[in-house]
Amino acid sequence: MNPIGKLIGLHVRQLMAVATWTLIVLAFSHNFLTLATKTEADALRRSGWWPDFITSNTSLSHCTWPGVSCDDFGSVIEINLTQQFNYSVYLSNISYSLLPNLTSLHLSNNFLFGIIPLQICALPKLKYLNLSYNYLIGELPLCLQNLTMLEFIDISGNQIYSHIPPEMGSLNRLIHLDLGYNFLRGTIPLTLANVMNLTHLYLQQNSLNGSIPSKIGYLKSLTHLDLSFNNFSGKIPHEFESLVMLRYLNLQNNTLDGSNLPEISNLKSLIELRLSSNFLTCPFPPSLAHLTSLSILYLDGNKFDCAIPSEIGYLKSLTHLDLSFNNFSGKIPHEFESFVMLRYLNLRNNFLDGSIPKFKKLVNLSYIDLSNNNLTGNIPGNLLYVKYIALSGNDVLEKIDDSGGMSKVKYVTIFIPFMAIPFISFFAVGSCIIFQRRAKSMQSETIEKNGDFLSIWNYDGRIAYEDIINATEDFDMKYCIGTGGYGSVYRAQLPNGKIMALKKLHHHEAEDPLFDKSFQNEVKCLTEVRHRSIIKLHGFCLHRRCMFLVYEYMERGSLFCALRNDVEAVDLDWFKRLNIIWDMAHALSYLHHDCTRPIVHRDISSNNILLDNKMQAFLSDFGTARLIETNFSSNLTGNIVGTHGYIAPELAYTLVINEKCDIYSFGVVAMETIMGKHPGDIILKLMTLFKEDIMLHQVLDLRLPIPRENFVARSIFLVVSLALACLNSDPKSRPTMKQVSEAFQAPKLVLPKPFHSISLTQLQKINQEVWWESGSKEASSSIQEEQGP
């Protein structure tokens, strides 16, 4: 063969060899990919995140399952199951290491329980992580720093109780971080300033403290920053003037002080600025006028004591302005007339004087509150077009200037602050009488005074609708002492000197059938109970135009707030805490076993336990309570209600309403009272397979002295033992509240060993071996007893 032929033959053999190896590689790759995707499918199948009728169909590719997206090779790249689970699911149920190509995990608004597992850090390609609004507890894993591809993290609306790991500062690609609405504590780590690409940072509604780190000013890409409802103190860092991209800034409800607006006035991109409820003071900088893009400005509830700066009038994009509850003085600037976009203006509770400006150009204004100032003169006629206006607490005359063309409807609207009482009282009569007839066991009477009516019972004086309105100055916000799940609570001192608490629905809430039902439900339940540790309902008005309940006033607020205030927590010594736990046990035993029809409260939490001036506890908020059949023989079903962190885990998958959910919640509250904080970490550790042997004395509130070997030590031993029994994951294994109540009444046990040597695991064993096998009272007598003082 000639050389050319040999060369061609060589190339042909080489090409054939290459083709053969290519086929082998392709076949191997295909088998490998098939095996890999099969492994991924098995991981999804074992998770329990999808119904059996889907996972049991082996002919159905996992890539076609709801919420699953795959790449061209059949490998899972996205799981999106937002609002999919109506049953309990654990985040740790899936083998994340078997999903090497997952880039997006979206599981928000579900019933995810448990901790954030360490194995989630095995997702090396993860870019998007959304676990918001679930029931996750425990800590943020330190290994999150290994997920270097992460761009989006949202774990808000859970029960995460930890510090923010400094290691999160290594996530260089992170753009969006939302850890709001949790129980985060400690300070903001300085390393967070290293995440230079961050545009959204949300840490609101936690228990973070200390000063706001000045290094946050280095995050020049920030457009949204929310640090509201924490315990930050000190000044707003002057480095904030570098956040030139910032559009949304919320620092309200902290304890920030000083005159800090000079730094903020340079943020020309700001659209919304909320600094309410701090301790900010004057002076205002003239450069405030530079915030020309500002649409919402809330500075209410601070310590401003100067004149309202005329520069605010140059913010022509403003739609909402709130300067209420300050000490502003002088006149309302005439520059306010240039607010052509303004819809909401609140200047109430200041020291403003002079006449009311005519606001000629404010054609969009629908809400204006100027009440409780020192304003004089007549009401400008152009305010006819305002849907809501409040002028009470001034020297403003009822005469209207330039009032041509005014309709009767507008006239009544304007004069609601002066004329509302007779009209609303008329409507209150019918509603109270009708509801009175419906409630068979109320035994109430209708009391009349000056033509006004209110349904009242079990009250040692006379009260009328007029008294309620006058005592609160028509529900003026200065009497508001709190806002709950629905409505606001007001403090009212009546003419006879009695102080009452009023729970009032807002107008928009009163039109919601769910809120209306909750209010009526609360009345129905509280008219059927008589117990010294249950809040007493003195009266009500149930009409859509004005809906409120009248309670006895609790001077010390909620147990939740008392435990989180260092001064009040120390005042709440061991004897007072034990009495609170015992009183709640007796109250729940009464609701479950001594009422004509058992009542399940369904929202037992430290927020719904109120304290009087003697630190005695009262169970409140029966808006979600349910009356059920005697002895719980017929369990009802319903939606999951309650407070995060106190809800029994079985409710996520059974939705059955019975007394066992209250018993679990009582266990949480009992542990919280002893520990001084929510016991989420302890519950988690006791539920896990790798149990840590935690010593009893280690979980006690460190702000109180550790008790000696005495009555208090024995009582704490008993309380924690019972609380752990109530927290049993199996509802059937929990004691009844009657058993718990009887155990508290029995003589206190002698400690089995020195107090410092007792562990929670030993207490759990005592529960299993002693307390509930033969009944608490009999069991307690089988152990050596010693009566406390």
Side-chain angles (χ1 to χ4, degrees), residues 43-44 47-50 66-69 76-99 102-165 167-168 171 173-185 192 195 198 200-206 226 640 643-645 647 649 652-653 678 680-681 683-684 687-688:
L44 301 185
S47 69
W49 293 1
W50 286 268
V68 177
S69 298
V76 179
I77 59 173
E78 180 179 0
I79 297 177
N80 187 342
L81 294 175
T82 180
Q83 293 183 323
Q84 293 294 314
F85 306 135
N86 57 4
Y87 50 88
S88 176
V89 169
Y90 285 86
L91 188 60
S92 57
N93 278 7
I94 199 166
S95 298
Y96 294 98
S97 59
L98 301 179
L99 302 171
L102 191 68
T103 61
S104 178
L105 182 60
H106 192 165
L107 301 173
S108 65
N109 289 278
N110 283 299
F111 292 104
L112 282 175
F113 284 82
I115 64 170
I116 301 175
L118 296 178
Q119 198 190 32
I120 204 171
C121 300
L123 299 172
K125 295 185 179 180
L126 195 66
K127 295 182 179 180
Y128 183 98
L129 176 63
N130 192 339
L131 307 175
S132 60
Y133 294 95
N134 282 288
Y135 297 86
L136 300 174
I137 60 176
E139 299 188 350
L140 294 170
L142 300 182
C143 65
L144 285 177
Q145 64 176 319
N146 299 332
L147 303 180
T148 56
M149 303 293 288
L150 272 174
E151 299 175 1
F152 183 104
I153 298 178
D154 188 348
I155 312 179
S156 60
N158 283 283
Q159 299 160 36
I160 303 300
Y161 190 86
S162 72
H163 292 77
I164 301 175
E167 290 79 3
M168 295 193 79
L171 301 177
R173 296 176 182 239
L174 199 60
I175 296 174
H176 183 113
L177 177 60
D178 190 346
L179 303 176
Y181 299 95
N182 277 290
F183 298 110
L184 297 177
R185 61 189 190 275
L192 214 55
V195 190
L198 206 60
H200 294 68
L201 178 57
Y202 300 108
L203 301 176
Q204 73 274 21
Q205 292 277 1
N206 280 289
D226 193 340
I640 293 181
T643 304
H644 278 301
I647 300 173
Y653 54 86
H678 191 278
D681 290 345
I683 296 174
L684 174 65
M687 288 174 60
T688 54

Shortest non-hydrogen contact from [X] to [Y]?
{"X": "Leu144", "Y": "Cys121", "value": "N-SG, 3.6 Å"}
{"X": "Asp178", "Y": "Gly180", "value": "OD1-N, 3.0 Å"}
{"X": "Ser97", "Y": "Gln119", "value": "OG-NE2, 3.5 Å"}
{"X": "Leu81", "Y": "Trp50", "value": "CD1-CZ2, 3.7 Å"}
{"X": "Gly680", "Y": "Ile137", "value": "O-CD1, 3.8 Å"}
{"X": "Tyr181", "Y": "Asn206", "value": "N-ND2, 3.9 Å"}

Interatomic distance, [X] atom [atom1] to [Y] atom [atom2] [nearest 0.5 angstrom]:
{"X": "Met168", "Y": "Leu179", "atom1": "CE", "atom2": "CG", "answer": "5.5 Å"}
{"X": "Ser156", "Y": "Gln205", "atom1": "OG", "atom2": "CD", "answer": "11.5 Å"}
{"X": "Leu177", "Y": "Leu192", "atom1": "CG", "atom2": "CG", "answer": "6.0 Å"}
{"X": "Ile120", "Y": "Leu99", "atom1": "CD1", "atom2": "CG", "answer": "10.5 Å"}
{"X": "Ile115", "Y": "Glu139", "atom1": "CD1", "atom2": "CD", "answer": "9.5 Å"}
{"X": "Leu118", "Y": "Tyr96", "atom1": "CG", "atom2": "OH", "answer": "11.5 Å"}

Check: [Y] and [X] side chains under 4.5 Å, non-hydrogen atoms:
{"X": "Val89", "Y": "Asn110", "value": "no"}
{"X": "Ile153", "Y": "Leu147", "value": "no"}
{"X": "Gln159", "Y": "Tyr135", "value": "yes"}
{"X": "Leu203", "Y": "Ile164", "value": "yes"}

Main-chain N/O of [Y] paired to [X] side chain as donor or acceptor, under 3.5 Å:
{"X": "Asn80", "Y": "Gly67", "answer": "no"}
{"X": "Asn182", "Y": "Ile155", "answer": "yes"}
{"X": "Trp49", "Y": "Leu44", "answer": "no"}
{"X": "Asn158", "Y": "Leu112", "answer": "no"}
{"X": "Asn109", "Y": "Thr82", "answer": "no"}
{"X": "Glu167", "Y": "Gln145", "answer": "no"}
{"X": "Asn134", "Y": "Ser132", "answer": "yes"}

Between Phe113 and Tyr90, how do the two ring planes meet: parallel, tilted or perpendicular, split at 30° and 60°?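 Rings of Phe113 and Tyr90: tilted, 30 to 60°.
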Quick one: sort the Phe183 and Tyr161 rings into parallel, tilted or perpendicular, breaks at 30° and 60°.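 The arrangement is tilted - the two ring planes meet at 30° to 60°.
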With side-chain contact (heavy atoms from CB on, under 4.5 Å) as the test, would you mind laying out the steps for Ser162 and Leu184 before giving the verdict? CA-CA 5 Å; Ser162 72; Leu184 297 177; 4.0 Å; yes
Which of these, Thr103, Leu102, Leu98, sits in a side chain to side chain contact (heavy atoms under 4.5 Å, CB included) with Val76?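 The passing option is Leu102.
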Can you list the residues that meet the side-chain hydrogen bond (donor to acceptor under 3.5 Å, both in side chains) rule with His106, with sequence neighbours excluded?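 If we apply the side-chain hydrogen bond (donor to acceptor under 3.5 Å, both in side chains) test to His106, skipping adjacent residues, the hits are Ser108, Asn130.
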For the residue pair Tyr202 and His176, is the inter-centroid distance of their aromatic rings smaller than 6.0 Å?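 Distance test on ring centres: under 6.0 Å, yes.
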